[in-house]
Amino acid sequence: MTPEEKNFLRKIEAEEKIEPKDWMPAEYRKNLIRQISQHAHSEVIGMQPEGNWITRAPSLRRKAVLLSKVQDEAGHGLYLYSAAETLGISRSEMIEQLQTGKAKYSSIFNYPTLTWADVAAIGWLVDGAAIVNQVSLQRTSYGPYSRGMIRICKEESFHQRQGYEAMLALAKGSPEQKAMAQDALNRFYWPALMMFGPHDSESAHSQKSMEWKIKRETNDDLRQKFVDQTVKQIEVLGLDHPDANIKWNEARGHYDSSDLNWDEFWSVINGNGHCNRQRIEHHVAAHEEGEWVRDAITAYNEKKRAKKAQRAA
Ligand code: BYC
């Protein structure tokens, strides 16, 4: 083992953060770039399902809240792209990987938002699942990722609460509103559980990521936490639990639940969900429309640099 490698492992063991200029194994760097960039893509693509309802929010208050939530997601994407850039990949490379299907984004964003209740369900369940995962990632071993997560978690907590509050308003509303809330819960519950990834036994990256403390808890452990916390929340809403097999297991100290439809999971992450094509097409169109902004910034920076050089000469 080289001295650099030894020092890297010592830091991991001692819970010291690895920083951009520190030596790190090539595989550690590669794995982090993969996870952080996919996380960034999820935040950015994740604006689409909710963005679809900004013009149709049921009140000015709901519209203002949704607008700022969607803007927050864009901000999360930017923090995460910046964190990935510290590892030596450029923003344009990452975007190219997303648009050509080389990089994934969270499966959840390939499901359509059919009603207003879906927007509430996303805030409650999708941001709720994201928080369970991201609270754990606050302790990830890579400094810039960890610090990004601390900030993102603060905003996600607000997102989750506004979603739950919107869901509560529907669940306690008219019979039609309650039915709409139940339908959204029934459709989003299972895909939210899939956000945690495949079973640990099927997870290609978990072992190494846990060893290097990129991930601090396994996919199944985090999913179980989410299952457990959601039962009471559904009760308070007065809705029916979508899983007929949900049952407290005294010996385990957890709820037992049904297994997920893994064929659906793999099909969605391999590009065949309801909205995969639509999400990427929309991203490509928005990126092309924004080209003049990027060109203008480049030209402005060039001009500034030339002026500075002229003054210095
Ligand atoms: N969807 O070995 P595994 C948000 C892939 S956005 C798609 O277990 P890993 C929000 C996985 O990438 C926040 N792909 O992987 C935004 C790998 O494929 P590759 C989203 C998935 O990385 C807007 C393969 O399956 N949160 O909150 O150890 C509005 C094998 O999996 C998924 C994050 O991104 C999936 N669900 O563990 C509202 C969290 N699951 O790369 C809300 C950050 C697995 O070999 N990411 N795959 O081609 C992570 O924590 C981890 O990457 C995962 C997967 C737990 C997701």
Side-chain angles (χ1 to χ4, degrees), residues 30-53 66 68-77 79-80 83-84 97-98 101-111 113 118-140 142 145-146 148-149 152-153 155-160 162-163 188 190-212 214-223 226 260 262 264-273 276 279:
K30 192 172 148 205
N31 199 7
L32 268 175
I33 290 177
R34 180 193 64 81
Q35 180 167 327
I36 303 174
S37 66
Q38 296 194 12
H39 196 160
H41 299 326
S42 304
E43 301 282 357
V44 169
I45 295 289
M47 290 193 284
Q48 292 187 38
E50 289 172 287
N52 182 33
W53 278 88
L66 184 59
S68 62
K69 178 194 188 292
V70 172
Q71 279 175 350
D72 282 354
E73 307 299 357
H76 298 173
Y79 307 154
L80 287 160
Q97 289 174 355
L98 168 70
K102 277 187 230 135
K104 296 187 169 73
Y105 57 88
S106 184
S107 49
I108 188 76
F109 303 117
N110 292 310
Y111 291 84
T113 37
D118 290 4
V119 174
I122 289 180
W124 165 38
L125 296 171
V126 176
D127 287 83
I131 295 172
V132 169
N133 172 283
Q134 291 171 165
V135 161
S136 162
L137 287 173
Q138 288 177 342
R139 293 183 297 117
T140 187
Y142 189 57
Y145 194 22
S146 161
M149 284 296 103
I152 288 174
C153 278
E155 294 177 355
E156 298 283 35
S157 301
F158 157 75
H159 295 171
Q160 194 269 350
Q162 68 78 34
F188 274 89
W190 305 102
L193 295 184
M194 291 177 191
M195 288 173 70
F196 295 96
H199 276 316
D200 296 346
S201 54
E202 307 287 316
S203 165
H205 304 288
S206 274
Q207 198 200 342
K208 210 66 203 163
S209 291
M210 293 290 289
E211 221 174 284
W212 279 332
I214 291 174
K215 281 164 79 166
R216 303 308 307 256
E217 286 172 272
T218 71
N219 299 0
D220 285 330
D221 286 352
L222 289 171
R223 184 171 15 248
F226 180 74
L260 299 176
W262 292 108
E264 175 180 322
F265 171 79
W266 293 113
S267 162
V268 173
I269 74 167
N270 287 319
N272 300 313
N276 296 59
R279 300 292 185 236

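Hydrogens, waters and symmetry mates are skipped; everything else that's a heavy atom, side chains included, is used. Remember, it's 1-based here, ligands and their atoms both numbered in the order they're listed. If you're wondering where the values come from, they're calculated on a predicted model, not measured in any experiment.
Close approach of ligand 1 to Phe196 (heavy-atom distance below 4.0 Å) involves ligand atoms 55 (C). Using a 4.0 Å cut-off to heavy atoms of Ala130, the atoms of ligand 1 that qualify are 27 (O). Residue contact check: Gln38 has heavy atoms under 4.0 Å from atoms 12 (O), 41 (O) of ligand 1. Below 4.0 Å from some heavy atom of Lys104 lie the following atoms of ligand 1, by number and element: 5 (C), 14 (N), 18 (O), 19 (P), 48 (O). Residue Ser203 approaches ligand 1 through these ligand atoms, each under 4.0 Å from one of its heavy atoms: 2 (O), 3 (P), 8 (O). Listed by atom number, the atoms of ligand 1 under 4.0 Å from Ser106 heavy atoms are 1 (N), 7 (C). Remark: ligand 1 atoms within the under-4.0 Å shell around heavy atoms of Tyr145 are 43 (C).
His39 and Tyr145 have perpendicular rings, their planes meeting at more than 60° on a 0 to 90° scale where under 30° would count as parallel.
The nearest non-hydrogen atom to atom 42 (C) of ligand 1, considering only Asp127, Leu137, Leu193, comes from Asp127. The heavy atom nearest to atom 29 (C) of ligand 1, considering only Met194, Met47, Glu50, is found in Glu50.
Within the structure, every pair that satisfies the salt bridge (Lys or Arg N to Asp or Glu O under 4.0 Å) test and touches residues 199-211, not counting sequence neighbours, is listed here: Lys208-Glu211.
By the 4.5 Å heavy-atom criterion applied to side chains, Tyr142 and Ile214 are not counted as neighbours.
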Could you go through residues 126-133 and list every donor-acceptor pair under 3.5 Å that involves a side-chain atom there, pairing it with any protein atom two or more places apart or in another chain?
from, atom 1, to, atom 2, distance (Å)
Asp127, OD1, Lys69, NZ, 3.0
Asp127, OD2, His159, ND1, 3.3

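In this structure, atom 49 (C) of ligand 1 has protein heavy atoms in its sub-4.0 angstrom surroundings. Under the 4.0 Å distance rule, the nearest protein heavy atom to atom 24 (C) of ligand 1 falls outside the cut-off.
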